[in-house]
Amino acid sequence: MINNEYDFAEFGTVPIVRARLDGGEPLILLAAEQQSALYILSRNNIKIPQELKSGCLGVLSVAGQTGHSAKQMLSTWHLNDSVELVPCSTYPNIYQRLAEGTLHAGVLTADYRIAGEIAFGLNTLADLGEVLKYQGPVVATTARLRDTDPNLVQAVVDAYCDTLNLFRTSDSVVPSLQKHLRFADTQQATAIHAYYAKRFQAHPFPSVDGLARVIESMQGSRNTPHITPMSLCDTSFLERSLVENRRP
């Protein structure tokens, strides 16, 4: 997105903050969830964090939100020097390698946690959302696109809000969800829908506190540009969408 390959993206807040620290201009438009639904899941023979010692933990990338969150958690467990982070690029890759036993643990979202508990007996070692309280995935664009094509930005936000509202209020989306997830059977897809339908916001504003926690974790004591949560956001398109569609 920053390199003009995409107009919009939905991903974690760690890359957003890193891009801003590096002089980029990403803008958060909305967030379906205020807290990330990320978990460290382990194979069924690993019950406690200390059993990860000398093992491998799968993440999307070491530098992104999954890797950053994993490093924070491993530090809390005093395991940051004894567990290898393995970049796997996609959640399906992490999930497959966990199922095959070539990873000891991995950072995965709630849909994989629910399906993995049912299918493979995966264990939850940490609820990263509850522990770290970072802002969950956000829908973002760039200041450049906002300024050059605000009508497109508004149309995307409107469409996202409509879809989010349908997901929250109707189980008619389960077949589409199952088709999208691919790894889930009907029972798993139904459970995943029920979980997220309760989490998704009717008014999908990002969390100021969740963004502040991400910023603080990345700035530390470095001499970096001052960033505030609201400087990362432009919620004016969301506000218009909510008013014009009279969403409760």
Side-chain angles (χ1 to χ4, degrees), residues 11-15 17-18 33-137 178 181-185 187-196 198-199 207 209-210 213-218 220:
F11 54 167
T13 49
V14 167
V17 175
R18 179 167 287 114
E33 307 170 80
Q34 287 209 338
Q35 191 166 288
S36 65
L38 284 178
Y39 300 83
I40 294 182
L41 304 179
S42 65
R43 298 185 327 211
N44 60 9
N45 63 328
I46 295 176
K47 309 294 185 183
I48 60 174
Q50 293 305 314
E51 292 176 344
L52 289 177
K53 193 170 184 179
S54 301
C56 298
L57 193 157
V59 295
L60 297 182
S61 68
V62 175
Q65 183 131 345
T66 56
H68 183 76
S69 299
K71 284 185 282 188
Q72 297 289 313
M73 202 68 242
L74 290 173
S75 179
T76 299
W77 292 334
H78 305 290
L79 290 173
N80 44 320
D81 294 325
S82 56
V83 176
E84 179 186 1
L85 295 185
V86 179
C88 297
S89 300
T90 69
Y91 287 126
N93 288 344
I94 298 173
Y95 187 69
Q96 181 177 351
R97 292 190 60 178
L98 263 180
E100 294 170 346
T102 57
L103 288 174
H104 297 86
V107 177
L108 287 166
T109 52
D111 39 342
Y112 290 94
R113 176 183 66 80
I114 294 166
E117 288 175 350
I118 296 172
F120 305 112
L122 299 183
N123 295 312
T124 300
L125 297 183
D127 180 339
L128 295 172
E130 282 298 319
V131 174
L132 302 176
K133 300 188 184 304
Y134 290 165
Q135 167 64 55
Q178 184 179 352
L181 293 176
R182 297 183 182 177
F183 63 84
D185 59 25
Q187 177 191 7
Q188 294 165 337
T190 300
I192 290 166
H193 172 259
Y195 174 87
Y196 279 106
K198 292 178 182 178
R199 285 181 65 94
S207 164
D209 179 67
R213 288 174 181 270
V214 175
I215 294 168
E216 181 181 2
S217 74
M218 297 184 68

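Both backbone and side-chain heavy atoms feed into the values below; hydrogens, waters and symmetry mates do not.
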To the nearest 0.5 Å, what is the distance between [atom1] ([X]) and [atom2] ([Y])?
X      : Y      : atom1 : atom2 : value
Phe11  : Leu60  : CZ    : CG    : 12.5 Å
Ile40  : Leu122 : CD1   : CG    : 13.5 Å
Asn123 : Ile46  : CG    : CD1   : 8.5 Å
Asp209 : Gln35  : CG    : CD    : 9.0 Å
Thr66  : Leu128 : OG1   : CG    : 9.5 Å
Lys53  : His78  : NZ    : NE2   : 12.0 Å

Less than 4.5 Å apart, any side-chain heavy atom of [X] and any of [Y]?
X      : Y      : result
Leu74  : Leu85  : yes
Leu132 : Arg213 : no
Val59  : His68  : no

Give a yes or no on whether the backbone of [Y] and the side-chain of [X] come within a donor-acceptor separation of less than 3.5 Å.
X     : Y      : result
Glu33 : Arg199 : no
Ser75 : Gln72  : no
Asn93 : Cys88  : yes
Arg43 : Gly101 : yes
Glu51 : Lys47  : yes
Gln50 : Trp77  : yes

Listing request: all salt bridge (Lys or Arg N to Asp or Glu O under 4.0 Å) pairs with a residue in residues 121-132, at least two apart in sequence or in separate chains.
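Only Glu130-Lys133 qualify under salt bridge (Lys or Arg N to Asp or Glu O under 4.0 Å).
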State, to 0.1 Å, how close Thr124 and Glu117 come at their nearest heavy-atom pair, and which atoms those are.
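So the two residues come closest at OG1-OE2, 3.6 Å.
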Exercise: identify the closest heavy-atom pair between Gln65 and Ser36
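Answer, listing the atom of Gln65 first, then Ser36: NE2-CB, 4.3 Å.
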Classify the angle between the aromatic ring planes of Tyr91 and Tyr112 as parallel (below 30°), tilted (30 to 60°) or perpendicular (above 60°).
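Tilted, since the angle between the ring planes falls between 30° and 60°.
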